[in-house]
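Chain A is the first sequence line, chain B the second, and so forth, proteins listed ahead of strands; every chain is numbered from 1.
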Number of protein chains: 2
Amino acid sequence: MCDMYSIDMSLTQALLGLLAVEPASGYELTKEFEGDLGQWAWQAAHPSVYPELVRMAERGLVEVTQEGPRRRKTYAVTAKGREELRAWLQAPWGQGVVRNEQVLRMFLLEALEPEEAATALRDVIEYAERNVSVLREHRARREAVPPDGRDALGQLAAEYGLRQYQAMHDWALWALDHLNRRRTAPST
Amino acid sequence: MCDMYSIDMSLTQALLGLLAVEPASGYELTKEFEGDLGQWAWQAAHPSVYPELVRMAERGLVEVTQEGPRRRKTYAVTAKGREELRAWLQAPWGQGVVRNEQVLRMFLLEALEPEEAATALRDVIEYAERNVSVLREHRARREAVPPDGRDALGQLAAEYGLRQYQAMHDWALWALDHLNRRRTAPST
DNA sequence: GCACGCATGTAACCTGTTACATGATTCT
DNA sequence: AGAATCATGTAACAGGTTACATGCGTGC
């Protein structure tokens, strides 16, 4: 009867958010998921994007504002869509869906033999370092040119990613040390 | 013909990892997902756990080592299962599945009006702070008692979470500042 | 004219979820 | 005796994936 906010279904929100920045076609939206957005927040491929846009149009959250060559349809958020996005973004901050294969691997490292775990941790450290430096360059390049406001979302993501990789690096160093200590000074 | 590592299907790996620490029943494994593991890495509820254990037993990755009261079955990893886990943990470090509703929300904040975004960011900061202090207490409590090696996995998770929330906090402060700067000094 | 990239779609499947269902044991 | 908790399972559905399929436009 009353389904006053039935939270989930984050693909909808992701699309609303992207379209709120600027109107786009399904094709363009799909490509967004291959960048920072997909790397950090939410993954989606075109077979989920196109049907979802159709459903959202039926619900009046978005509308087709242009039809271009090659059947290209440009979608834009409607007032209703913008309202739904706002409600979602301002809803109480809870747990939400989390599913991260990398983090899972980090946790399960404990199940390996100490030397193997150490090797794997050194891989983590190297991986995190590599990503930190990529994102640092990214940032430097961006600072060189005046901000055009278009890739604001990408900037948020890049800064988040930078801090995330630094944290991962930090953690892996701690874990390596922790492991060594357990090995050299076994308890009881 | 040759499906030499067909990576994915992380529930399998999560269960292997948990069972590698110590044998457990489906019921106990399910409860693990309600803790740090589910909060950070991978979520799963009992209707996916039980059938998965049966499939894994069929593939010879785990085996029932005890049957207790109330149909309780205790599973343990086999040598083959341990081998599969090792292979997965040591596989080249790639992207993997990521799906995080919180992070999605943080990215899309940009779509709100500046004042609304600022309010939401202050919520993020408060949320991150709350979690940092919970995890700090957690750590202090753990340091008070001698490590018993049993909750090693939980300790890895807690330390990871701590650094993660600190990074989130950091990022939100940056984003808030970034937002202010854009508002007070609009470009072009 | 042909290859490549833009652009959309559909079908079959995978892997998780929620809701429904059942029964055994322990505690009070 | 009754409630709570342990312990497992099944069915229906949700929301994604990969693989398959098609056709238009542009550049060489």
Side-chain angles (χ1 to χ4, degrees), chain A residues 3 6-16 18-19 23-34 37-38 41-59 62 64-75 88 94-101 104, chain B residues 3 6-16 18-19 23-34 37-38 41-59 62 64-75 88 94-101 104:
Chain A
D3 65 341
S6 59
I7 310 298
D8 254 74
M9 170 88 263
S10 301
L11 176 56
T12 315
Q13 324 301 334
L15 293 174
L16 282 176
L18 290 171
L19 292 176
S25 66
Y27 187 81
E28 289 168 324
L29 291 167
T30 298
K31 281 194 303 181
E32 288 283 337
F33 284 100
E34 288 163 15
L37 190 69
W42 209 264
Q43 295 178 340
H46 83 262
S48 40
V49 172
Y50 292 119
E52 180 60 25
L53 285 169
V54 172
R55 277 192 297 271
M56 287 165 73
E58 278 163 10
R59 289 175 56 202
V62 297
V64 177
T65 53
Q66 271 181 47
E67 306 217 12
R70 285 172 262 193
R71 294 191 293 170
R72 178 197 167 93
K73 275 168 269 183
T74 302
Y75 288 88
W88 185 73
Q95 185 38 48
V97 175
V98 175
R99 193 154 285 149
N100 191 322
E101 216 171 299
L104 179 62
Chain B
D3 66 340
S6 61
I7 311 297
D8 255 73
M9 171 87 262
S10 300
L11 176 57
T12 314
Q13 323 302 334
L15 294 174
L16 281 176
L18 290 171
L19 292 176
S25 67
Y27 187 81
E28 288 167 324
L29 291 167
T30 297
K31 281 194 302 181
E32 287 284 336
F33 285 101
E34 288 164 16
L37 190 69
W42 210 263
Q43 294 177 341
H46 84 260
S48 40
V49 173
Y50 291 119
E52 181 60 24
L53 285 170
V54 172
R55 278 192 297 271
M56 287 165 72
E58 278 163 10
R59 291 176 55 203
V62 297
V64 177
T65 53
Q66 271 181 49
E67 306 216 12
R70 283 172 263 193
R71 294 191 293 167
R72 180 199 166 91
K73 273 168 271 184
T74 303
Y75 288 87
W88 185 74
Q95 185 39 50
V97 175
V98 175
R99 195 155 283 147
N100 191 322
E101 217 171 300
L104 179 62

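With rounding to whole Å, Glu101(A) atom CD is found 10 Å from dG16(C) atom P. Rounded to whole Å, atom P of dT5(D) lies 13 Å from atom CD of Glu34(B). Computed from coordinates, the Arg55(A) CZ to dG15(D) C1' distance equals 8 Å when rounded to whole Å. Atom P of nucleotide dT25(C) and atom CD of Glu67(B) are separated by 13 Å, given to the nearest angstrom. One interatomic measurement links the two molecules: CG of Leu29(B) to C1' of dG9(D), which rounds to 16 Å at whole-angstrom precision. Atom CG of Leu53(A) and atom C1' of dG9(C) are 12 Å apart (whole Å). Rounded to whole Å, atom C1' of dA7(C) lies 15 Å from atom CD of Gln66(A).
Contact between the side-chain N/O atoms of Lys73(A) and the OP1/OP2 oxygens of dG9(C) is found at a separation under 4.0 Å. Under 4.0 angstrom from either OP1 or OP2 of dA7(C) there lies no side-chain N or O belonging to Thr30(A). Taking only side-chain nitrogens and oxygens, Arg99(B) never comes nearer than 4.0 Å to OP1 or OP2 of dT15(C). The phosphate of dC6(D) (OP1 or OP2) has a side-chain N or O of Tyr27(B) nearer than 4.0 angstrom. Note on Lys31(A): every side-chain N or O is 4.0 Å or more away from OP1 and OP2 of dG5(C).
For Tyr50(A), the listed nucleotide lying nearest its side chain is dG9(C); candidates were dT8(D), dT18(D), dG9(C). Taking only side-chain atoms of His46(A), from C-beta outward, the nucleotide of dT25(C), dG16(C), dT8(C) with the closest atom is dT8(C). For Arg70(B), the side-chain atoms get nearest to dA7(D) when compared with the rest of dA7(D), dT17(D), dA19(C). Minimum atom distance to the side chain of Arg71(B) is reached by dT8(D), of the listed dT22(D), dT8(D), dT17(D).
In summary, Glu34(B) and Lys31(B) do not engage in a salt bridge, as defined by a charged side-chain N under 4.0 Å from a carboxylate O.
One N or O on the side chain of Ser25(A) and one on the backbone of Glu28(A) form a donor-acceptor pair closer than 3.5 Å. The backbone N or O of Thr65(B) lies less than 3.5 Å from no partner atom in the side chain of Thr74(B), so there is not a single donor-acceptor pair.
Put simply, the side chain of Asn100(B) does not reach to within 4.5 Å of the side chain of Asn100(A), judged on heavy atoms. Residues Tyr50(B) and Lys73(B) are not in side-chain contact: their nearest non-hydrogen atoms beyond the backbone lie 4.5 Å or more apart.
In this structure, Gln43(A) reaches the sugar-phosphate backbone alone: every heavy-atom distance under 4.0 Å involves primed, P, OP1 or OP2 atoms, never a base. Arg72(B) comes within contact range of the sugar-phosphate backbone alone, with a heavy-atom separation under 4.0 Å but no base atom that close.
When each of Glu28(A) and Pro69(B) is assigned the nucleotide of DNA chain C with its nearest heavy atom, Glu28(A) is the one assigned upstream, toward the 5' end. Take the nearest nucleotide of DNA chain D for Ala44(A) and for Val54(B): the residue whose nucleotide is more 5' is Val54(B).
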